[in-house]
Participant: 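Have a look at the structure that comes next, please.
In this text, all values refer to a predicted model and were calculated from it rather than measured experimentally.
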Amino acid sequence: MTTPDHSDKSEDTKILHNMGYAQELARRMSGFSNFAISFSIICILAGGITSFPLAMATGSGFEATIGWVIGGVFALVVAASLGQIGSAYPTAGGLYHWSSILGGRGWGWATAWINLLGLIFVVASVNVGVYLLFQGLVAGPIFGWDTSAWGFWQQTAAVVLITVTQGLFNHLGIKTTTMLTDFSGYLILVVAVVLTLTFLIWGAHGFDLARLTTFVNTTGDAGGGYVPTARTALVAFLIGLLYPLYTITGFDASAHTAEETHNARVAVPRGMIHSVLWSLVFGFVMAVSFVLASPDLVATAKDGGNAWFNLFNNLPAPTWLKALLGVAIVLSNYLCALAGLTSTSRMIFAFSRDGGLPGSSLWKQVSPTWRTPVPAIWLGVVLSIAATLYSPAFAALAAGCALFLYVSYAMPIAAGLLAEGKSWTEFGPFRLGIWSKPFAIITVLGVLVLMYAGIQPPFDILINYAIGLIVLLVVLWFAVENRRFQGPPIGEAAIAKRRATIAAAEKAVGESA
């Protein structure tokens, strides 16, 4: 890890001041750390494992491998599009700020709420995944506990304990969080490689290309009822894309930690793109190993939600190796959600300092001791736990994470598509050039398809979330927020009014500009 020198730090702070914000958070993250936090949230050992049954229950080996590549390439296009905007406007809560600048304060306000809901679902879904992985890989196989009677209350107690400890780590400062997410980045790579080799050495029997390239519609009974009713091949394929798109999400963490990152205009787009690229590559090879290690793809699909656990537990690998991998996978998932909570808290902080949330005066506060948005961290803890109470089913939480986050990704990109070359004339060092508008169009169209797939059974509980959110946003905006909410400072006059506030805020946390 490199330590930023004072001159570069001053340049980052100057850019932040020019956007009307104070340097309240501690800028201690290197470029690698910015990459690592997004890579940790993506965590191919999280969604790449816990959502594997979805791939097998929709399109079998094809969905797990070719589908992974298709979804991963789409995610790469989205990351590049966001990276271009993030290079121009490196702020915490990036998506909300970008949508406000490029599409107006109402568009930014809506983006903030949708992004926030998606981030809450990240923490909630991964922490439910931590519990399920602990139950399937550690509690029974290692400790010999009988978990057959474990249900909602055991899950809830575990999620509360897990999330509260993640809140404590985040509370203790970005230095602690960065140390853990840097470690997580290395851990994910090492464990993914060892896990892949384990499946190939002790599970695979030759290389059967047809397993990877033949689409088999396994919805309904053929997939163990994971997707409750049989659907057409096209719909099955689209639903299955939630396997890579749930996994390869959360990379906006690089933007949310921009104000804590050295040389953010370069590091943020690089962090997002590289985290997606390497997750795509390593996740694909890992998925190939799972498919090749299946003794019978028909039987694996029929296992439904237990598909991956049955594959892993039946591998004739050394017991000590499987135990070590089990613990490492659970730890990786824990650190994934920890990074997700970091991202969520920065989004809450950034939206609140512009008055976007009820109780903003509390949620925007930064601890002078830890230089972290402490109230925002604990609000994120409470909200992510609450999400698991309404949607205890992992599949619904996972789909909600992908659906709401990708919608929030598309919103500033869509605004940029219309504003580029018109009201959007300020760009950073990372530019897409001639690819900018085609990538934006691909993003918007792809997210529309994802919206359709994301509300199909077994994810149809998300219809309640989506309708409720849309109605709430429309009513709130036209009844109250349209007059009350001013949005981020845009334009020289608005930014100039912030100068006294900037100085006072930095003095309060002991920051010297």
Participant: Under a 3.5 Å threshold, yes or no: a donor from one side chain and an acceptor from the other, between Glu481 and Trp109?
Facilitator: yes
Participant: Is there a donor-acceptor pair closer than 3.5 Å between any side-chain N or O of Ser254 and the backbone N or O of Asn34?
Facilitator: yes
Participant: Return yes if some donor-acceptor pair links the side-chain N/O of Asp460 with the main-chain N/O of Ile455 below 3.5 Å, else return no.
Facilitator: no
Participant: Do Gln166 and Asn127 have side-chain atoms, one donor and one acceptor, less than 3.5 Å apart?
Facilitator: yes
Participant: Check whether any side-chain N or O of Thr342 sits under 3.5 Å from a backbone N or O of Leu338 as a donor-acceptor pair, and report yes or no.
Facilitator: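 Indeed, once roles are kept as given, a pair shorter than 3.5 Å links the two residues.
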Participant: Specify the closest pair of heavy atoms between Trp150 and Gln135, including all atoms of both residues, with the distance to one decimal.
Facilitator: CB-NE2, 3.7 Å
Participant: Cation-pi check, Arg353 to Tyr21: give yes when NZ or CZ is under 6.0 Å from the six-membered ring centre and within 45° of the ring axis, no otherwise.
Facilitator: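 Yes.
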Participant: Shortest non-hydrogen contact from Thr58 to Thr219?
Facilitator: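 Looking at all heavy atoms of both residues, the closest pair is CA-CG2, 4.2 Å.
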Participant: Quiz question: by atom type and distance under 3.5 Å, do the side chains of Thr218 and Tyr226 form a donor-acceptor pair?
Facilitator: no
Participant: Tell me yes or no: between the side chains of Glu259 and Thr91, is some donor less than 3.5 Å from an acceptor?
Facilitator: no
Participant: Short question: side chain of Trp308, backbone of Asn310 - any donor-acceptor pair under 3.5 Å?
Facilitator: no
Participant: Using only atom types and a distance under 3.5 Å, with no angle test, would you say the side chain of Thr181 pairs donor to acceptor with the backbone of Thr178?
Facilitator: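 Judged by distance alone, yes, a pair lies under 3.5 Å.
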Participant: Could you tell me which residues satisfy side chain to side chain contact (heavy atoms under 4.5 Å, CB included) with Leu238, sequence neighbours excluded, listed by chain and number?
Facilitator: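 With sequence neighbours excluded, Leu238 shows a side chain to side chain contact (heavy atoms under 4.5 Å, CB included) to Leu234, Leu241, Val449, Tyr452, Ala453, given in chain and number order.
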Participant: What residues form a side chain to side chain contact (heavy atoms under 4.5 Å, CB included) with Val164, not counting sequence neighbours?
Facilitator: Val160, Trp378, Val381
Participant: Are a donor atom and an acceptor atom from the side chains of Arg105 and Gln486 found within less than 3.5 Å of each other?
Facilitator: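 There is no such pair between these side chains.
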Participant: Sort out for me which residue in Tyr409, Phe349, Phe351 forms a ring-ring contact (aromatic ring centres under 6.0 Å, His included) with Tyr96.
Facilitator: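 Testing Tyr96 for a ring-ring contact (aromatic ring centres under 6.0 Å, His included) against Tyr409, Phe349, Phe351 leaves exactly one candidate, Phe351.
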Participant: Does CE in Met451 sit with more than 12 non-hydrogen atoms of other residues, nucleotides or ligands closer than 6.0 Å?
Facilitator: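 Incorrect, the count does not exceed 12.
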Participant: Should Phe237 and Glu63 be marked as a side chain to side chain contact (heavy atoms under 4.5 Å, CB included) after you check the CA-CA gap, both sets of side-chain angles, and the distance that decides it?
Facilitator: CA-CA 7 Å; Phe237 168 72; Glu63 196 77 48; 3.6 Å; yes
Participant: Determine, using ring centers only, whether Phe309 and Phe312 are less than 6.0 Å apart.
Facilitator: no
Participant: Could you list the donor-acceptor pairs under 3.5 angstrom formed by side chains in residues 66-83, with sequence neighbours left out?
Facilitator:
{"from": "Trp68", "atom 1": "NE1", "to": "Leu280", "atom 2": "O", "distance (Å)": "3.1"}
{"from": "Ser81", "atom 1": "OG", "to": "Val77", "atom 2": "O", "distance (Å)": "3.0"}

Participant: Charged N to carboxylate O below 4.0 Å: is that the case for Glu260 and Arg346?
Facilitator: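 A salt bridge is present here (some side-chain N lies under 4.0 Å from a carboxylate O).
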Participant: Is Asp252 reaching over with its side chain to a backbone N or O of Gly94, donor-acceptor style, under 3.5 angstrom?
Facilitator: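 A pair under 3.5 Å: no.
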Participant: Assess, by modelled atom type and distance only, whether the side chains of Gln155 and Thr388 contain a donor and an acceptor separated by less than 3.5 Å.
Facilitator: no
Participant: For Trp477, does the CH2 atom sit with more than 12 other heavy atoms under 6.0 Å from it, leaving out its own atoms?
Facilitator: yes
Participant: Would you say Asp221 has more than 12 foreign heavy atoms packed within less than 6.0 Å of its CG?
Facilitator: no
Participant: Please confirm whether the backbone N or O of Gly340 pairs with a side-chain atom of Ser343, one donor and one acceptor, at under 3.5 Å?
Facilitator: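 Such a contact is absent between Ser343 side chain and Gly340 backbone.
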Participant: Quick one: does Ser275's side chain have a donor or acceptor within less than 3.5 Å of a partner on Met272's backbone?
Facilitator: yes
Participant: State whether the side chain of Ser184 and the backbone N or O of Leu180 hold a donor-acceptor pair below 3.5 Å, judged by distance alone.
Facilitator: no
Participant: Can you confirm whether Trp424 is buried at CH2, in the sense that more than 12 heavy atoms of other residues, nucleotides or ligands lie under 6.0 Å from that atom?
Facilitator: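 Enclosed: over 12 neighbouring heavy atoms sit under 6.0 Å from CH2 of Trp424.
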Participant: Got a donor-acceptor contact below 3.5 angstrom from the Ser38 side chain to the Gly271 backbone?
Facilitator: no
Participant: List the atom of Ile377, the atom of Leu341, and the distance in Å for their closest heavy-atom pair.
Facilitator: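 Heavy atoms of Ile377 and Leu341 come nearest at O-CD1, 3.9 Å.
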Participant: Parallel, tilted or perpendicular: which describes the rings of His274 and Phe35, with under 30° parallel and over 60° perpendicular?
Facilitator: perpendicular
Participant: Locate the shortest heavy-atom distance separating Thr213 from Phe62; write the atom from each residue and the value.
Facilitator: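 Between these two residues, the closest heavy atoms are O-CD1, 3.4 Å.
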